[in-house]
Chemist: 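Take a look at this one; I'll ask things after.
This chain uses plain numbering: 1 for the first residue, then up along the sequence. Order of appearance sets the numbers: ligands from 1, and atoms from 1 within every ligand.
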Amino acid sequence: MSDCLFCKIVKKEIPCDLVLESENYLAFKDIDPKAPIHILVIPKKHFEDITELSFQDLDLAAGLMEMVSKVAQSENLEKGFRVVLNTGPDAGQSVQHVHAHVLGGRSLTWPPG
Ligand code: AMP
Ligand code: ZN
């Protein structure tokens, strides 16, 4: 996916503020944070959205959540955090490469907008 922004970050063609990296995942700070802690966790392999990921590779989907937990631990989010996977136009997905938002560091309201 040569024109995918997050694939370019995976390939180090575009810099990111790295938080954690493993063989199959990358966690980096969101460029436009919506909370004191706002980190994106992505699989290095390109999938458009979570439906595609879960149909094609359940292990990779589970590993994404494991990476989310590691990020929450490393950021000391023991008071709580929110994981958001915006999927499709109604949810405002703006980057077509699976990414989990990890939001925390403040009290988060519910329901979201
Ligand atoms: P979404 O709108 O759910 O698709 O989320 C995409 C997120 O990517 C947004 O929160 C953006 O702020 C974030 N974003 C866009 N470009 C970059 C970048 N170069 N580095 C880090 N985060 C980015
Ligand atoms: Zn991609």
Chemist: Shared ILVMFWY cluster between Leu85 and Val95, side chains joined below 4.5 angstrom?
Modeler: no

Chemist: Would you call the rings of His46 and His97 parallel, tilted or perpendicular if under 30° counts as parallel and over 60° as perpendicular?
Modeler: perpendicular

Chemist: In the protein, what heavy atom is nearest to atom 23 (C) of ligand 1, and what distance, to one decimal place, separates them?
Modeler: Ile31 CG2, 3.5 Å

Chemist: Just wondering, do Tyr25 and Leu20 contact through their side chains at under 4.5 Å, heavy atoms?
Modeler: no

Chemist: Under a 4.0 angstrom heavy-atom cut-off, which atoms of ligand 1 come close to His101?
Modeler: 1 (P), 3 (O), 5 (O), 7 (C), 10 (O)

Chemist: Can you name the atoms of ligand 1, numbered from 1 with element, that are less than 4.0 Å from a heavy atom of Leu40?
Modeler: 8 (O), 13 (C), 22 (N)

Chemist: Can you tell me which residue among Val41, Val83, Val84, Val68 is in a side-chain contact (heavy atoms from CB on, under 4.5 Å) with His101?
Modeler: Val84

Chemist: Just wondering, do Phe81 and Leu108 contact through their side chains at under 4.5 Å, heavy atoms?
Modeler: no

Chemist: Going by heavy-atom distance to atom 4 (O) of ligand 1, choose the closest among Ala100, Ala91, Ser94.
Modeler: Ser94

Chemist: Just so I know, are the side chains of Leu40 and His38 near enough to count as touching, which here means a heavy-atom distance under 4.5 Å?
Modeler: yes

Chemist: Could you pull out, from Asp17, Asp30, Val95, the option with a heavy atom nearest to atom 13 (C) of ligand 1?
Modeler: Asp30

Chemist: With heavy atoms of Gln93 as the reference, note each atom of ligand 1 found under 4.0 Å away.
Modeler: 4 (O)

Chemist: Heavy-atom distances under 4.0 Å decide this one: backbone, side chain, both or neither, for Leu5 against ligand 1?
Modeler: side chain

Chemist: Run the numbers for me: atoms of ligand 1, each under 4.0 Å from some heavy atom of Asp32, listed by number.
Modeler: 12 (O)

Chemist: Which atoms from ligand 1 have a heavy atom of Gly92 less than 4.0 Å away?
Modeler: 2 (O)

Chemist: With a cut-off of 4.0 Å, which atoms of ligand 1 are near a heavy atom of Asn86?
Modeler: 3 (O)

Chemist: Looking only at N, O or S atoms in His46, which is nearest to the Zn ion (ligand 2)?
Modeler: ND1

Chemist: Under 4.5 Å between any side-chain heavy atoms of Val102 and Leu77, yes or no?
Modeler: yes

Chemist: Can you find a heavy atom in the side chain of Leu26 that is under 4.5 Å from one in the side chain of Lys44?
Modeler: yes

Chemist: When you look at Phe28 and Phe6, which way does the ring-ring contact (aromatic ring centres under 6.0 Å, His included) test go after all the steps?
Modeler: CA-CA 11 Å; Phe28 54 92; Phe6 288 175; 5.5 Å; yes

Chemist: With heavy atoms only and a cut-off of under 4.0 Å, state how Lys29 meets ligand 1: side chain, backbone, both or neither.
Modeler: backbone

Chemist: If you count the atoms of ligand 1 from 1 in the order shown, which ones are under 4.0 Å from a heavy atom of Phe6?
Modeler: 8 (O)

Chemist: Taking just the N, O or S atoms of His97, which one is nearest to the Zn ion (ligand 2)?
Modeler: ND1

